[in-house]
Amino acid sequence: MDRRALLASMLAIRAFEDALAAHSDAGFQLYSSGEEAVAVGVCEALRPVDQLLSSGRSIGPALARGLDPGVVMAELLGRADGPCKGKGGRGHLAQPGAGFFGAHAVVGGNLTIAAGVALAMRMQRAGGIVACIFGDGACGSGALHETMNIAALWKLPLLLVCDDNGWSISTPREAALAARSPADLAAPFGIRAASVDGMDVLAVRDAAAALVAHVRGGAGPAFLVCDAERFSSHSTATRELRSPAAMDAVRARCPIQRLLRTLRDAGALDDAAFAAMERDAGEAAARALAFAERSPPTGVDEIGRDVD
Amino acid sequence: MIYALAVPGPIEDVEELRVLQWHGEPGTRFEAGELVVELETHKAVVEVRAARPGVLRAILCPAGDWQAVGRTLALIGDDADEPLPAPDAAGAPFEVAFEVT
Amino acid sequence: MSTEGAGKVFFAEAIARALRESMERDPRVVILGQDVGRFGGAYREFAGLHARFGDERVRDMPVAEASMVGVGVGAAAAGLRPLVSITYMDFVTLGLDPLVNYGAKLRYKTGGQLAAPVVVKTTAGAKGQGVAHSQSLEAWLVGVAGLKVVAPSTPSDAYGLMLAALAEDGPVVYVDHKRLFPTAGELAHAPAPVPIGRALVRRSGGDVTIATHSYMCRVADAAADRLSAEGIDCEIVDLRTLWPLDVATVAASVARTGALLTLEEGQLACGIGAEVAFRVREEVGRMRVSRLGAARAPVSGNPRLEAATLPRADDVVAAVRRLIDAKANEP
């Protein structure tokens, strides 16, 4: 994907979330705005045969992976045309056929699962790797320790991606993790790690590509820490704790503006072209919303299906 | 005299065992300390050794058969020729030493 | 240990045989857990499997049940058919997040796109090992939509339910019991899967129905022997599957006997017996019913305390006599 395409991918996520946030039925959501570069940069290194897992902050990862925005919106709005028939919602969004094994809303709950998926893919000689995006909030969990341990012992084809936005809802990372950096957690297991500016999609892309090559080569797992910022509060049910001044500093790191500046400085994109890209993203988001609104709400008869 | 070689015990946690292997056949003479038969429990092998000399006269539970602790596995005699009693005639017990491995 | 052909086998041998046959037929079946490899399992229930199938398919894991279950569930979701061995049921607690919050929910939450055909095999029951190595927690799992729970009481059913569990397309918890491993029983010449969701009348009798499972079937049987000498004939229904429960078989029995005793080693509060009793009552209407289970206390490893905390044959005999007396005194 060229740099314009990376920019378009981030714009698509931003516009999608703007459209969703403005919708009266949006419900309980966790937004990826601000953190788009993490998912977009990582997905750039993945192939169709690979599988991506994420936390409950799934919109960025799902769209970056290439899922159709219309069906994603349908899932988020509880409609029958969502890939999970509207039964999973954002917290459990999944489309394994498109390489998105799925989101899981339990903090750290997808980590050992991802190791299992990696084991199966290797044993079945599927040829793919597994990437699992999780937040820094999961770094204090035993699940991460156990996942790194088994992935290292068995040399599993697993890329662990810590989307480190510095917060576990209201607790800053420094109060939640004794290690200086999440990347420090990998060393005891002999896992190759890298830390990168998670607001610079090109840096994320390059770091992810290097680690994915390591993993794909059969050398075992890798750990990528992306220093990122979320533009919203933790969720639509959580109030913002950061001051307006702090938020100004956060937004100044916008990954979209960052790449735009890089492209503009290189003469590869002008304001008019960017404005057109923004319009396209807005229109695509509007189409996704329209598709979702036309989709019938999930019928209550679905309660009895897919249980056993 | 004809003696009854029984499944030794008590063995903790064990009620019945399977005969794994006889280390002799009718006519084989065992000295004290020699391995006569191995039995299997659910988790171990029991080595049954003669505590004194004797001749194996009849195997009542061949390999693969099951038997409970205290029940007869075989008839042992002082010599090879003495006529065997009727099957249900009780014999004095043949002393053994056993080890759970 | 020899296992092939018909005949009598130890409980663990029946499990090993079912696994060996399943692993030979289906390369997707793998075993994950503690001491499952060269050691052959804490009860020798995996004996011979590592030698036959190697490190790839029989994998020892660190003592970390959350990752044992999580890796098993994830691998199942991605196409394998793992058996995860949790040596003590007490420690299934450590694996409840991946089992309950992911594995049991996976088919539903993905709208049918994914499912986790994993068998979590775990050993329940008290046998002198103390408060944290003695529990029977199967009743907890029966309340999780998306999980099936089975509990064999004989080698034949240990074999048959293992085959059936491995063939299921979703998660199954297979609960055996420490005190069943020393037991032996007949395996048919051409043994077959035992259908999940089907109870079995182990012993016929017209005076009282005892609905029970796992090791308690043997306690019930010992009690029934003593009661038959008094002229009281017990019908023992071995539930075999705890979810989905075969209410019809128990109800048909109670419709004839008019009296139901539920018997379990676990706690009575929200236990298997509570579910069985209520569901059977919905089917048959009025009946005499009583439940027996552990005393409401942790199960100490102290032998005197342990024995007195759990239901014994004496307790079953007394409970049946009370039920019979109550039946006799009904207007």
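Note on naming: letters A, B, ... go to the chains in the order of the sequence lines (proteins, then strands), and numbering restarts at 1 for each one. This is a predicted model, so every value here is computed, not measured.
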Might you work through the side-chain contact (heavy atoms from CB on, under 4.5 Å) test for C:Q113 and A:F101, ending with a clear yes or no? CA-CA 10 Å; C:Q113 294 178 94; A:F101 208 80; over 6 Å; no
A:N149 side chain near C:P62 side chain, heavy-atom distance below 4.5 Å: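 Yes - at least one pair of side-chain heavy atoms lies under 4.5 Å apart.
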Chain A: which of C:G72, C:P27, C:A77, C:A145 shares the most heavy-atom pairs with it under 4.5 Å?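 Winner by heavy-atom pair count: C:A77.
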Taking every non-hydrogen pair under 4.5 Å, which of C:G146, C:P82, C:A116 racks up the most with chain A?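 The answer is C:G146.
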Grab the two heavy atoms, one from A:A120 and one from C:A75, that are nearest each other, plus how far apart they are.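 Looking at all heavy atoms of both residues, the closest pair is CB-O, 3.6 Å.
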Between A:W154 and C:D60, the two heavy atoms sitting closest are CZ2-O, 3.7 Å
Side chains of A:H104 and C:K109 only: does a donor on one sit below 3.5 Å from an acceptor on the other?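 Yes, C:K109 and A:H104 have a side-chain donor paired with an acceptor closer than 3.5 Å.
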Quick one, C:Y102 with A:T112, criterion side-chain contact (heavy atoms from CB on, under 4.5 Å). Give me CA distance, side-chain angles, the key distance, then yes/no. CA-CA 11 Å; C:Y102 188 93; A:T112 59; over 6 Å; no
Checking heavy atoms, do the side chain of [X], its backbone, both or neither come under 4.5 Å from chain C?
X	answer
A:A103	backbone
A:L93	neither
A:A94	both
A:V117	both

Taking C:E56 for its side chain and A:M123 for its backbone only, find out whether a donor-acceptor pair lies under 3.5 Å. no
Is the side chain of C:R107 donor-acceptor paired with the backbone N or O of A:V307 at a distance under 3.5 Å, no angle test? no
In Å, rounded to the nearest 0.5 Å, how long is the span from CD1 of C:I196 to CG of A:D308?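 CG of A:D308 is found 10.5 Å from CD1 of C:I196.
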Distance check, rounded to the nearest 0.5 Å: A:I113 atom CD1 versus C:L114 atom CG?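 It comes to 11.0 Å.
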Residue [X] excluded, over 12 heavy atoms near [atom1] under 6.0 Å:
X	atom1	answer
A:F28	CZ	yes
C:R279	CZ	yes
C:W140	CH2	no
C:R281	CZ	no
A:R47	CZ	no

Sort out for me which of [options] touches chain C most, counting heavy-atom pairs under 4.5 Å.
options	result
A:G88, A:A115, A:P96	A:P96
A:H92, A:K85, A:E302	A:H92
A:Q124, A:M121, A:Q95	A:Q124

Contact origin within [X] toward chain A - heavy atom pairs under 4.5 Å:
X	value
C:L106	neither
C:K105	neither
C:V69	neither
C:N101	both

Determine whether C:Y108 and A:R305 satisfy the following criterion, side-chain contact (heavy atoms from CB on, under 4.5 Å), listing intermediate values before the conclusion. CA-CA 7 Å; C:Y108 193 86; A:R305 295 200 193 101; over 6 Å; no
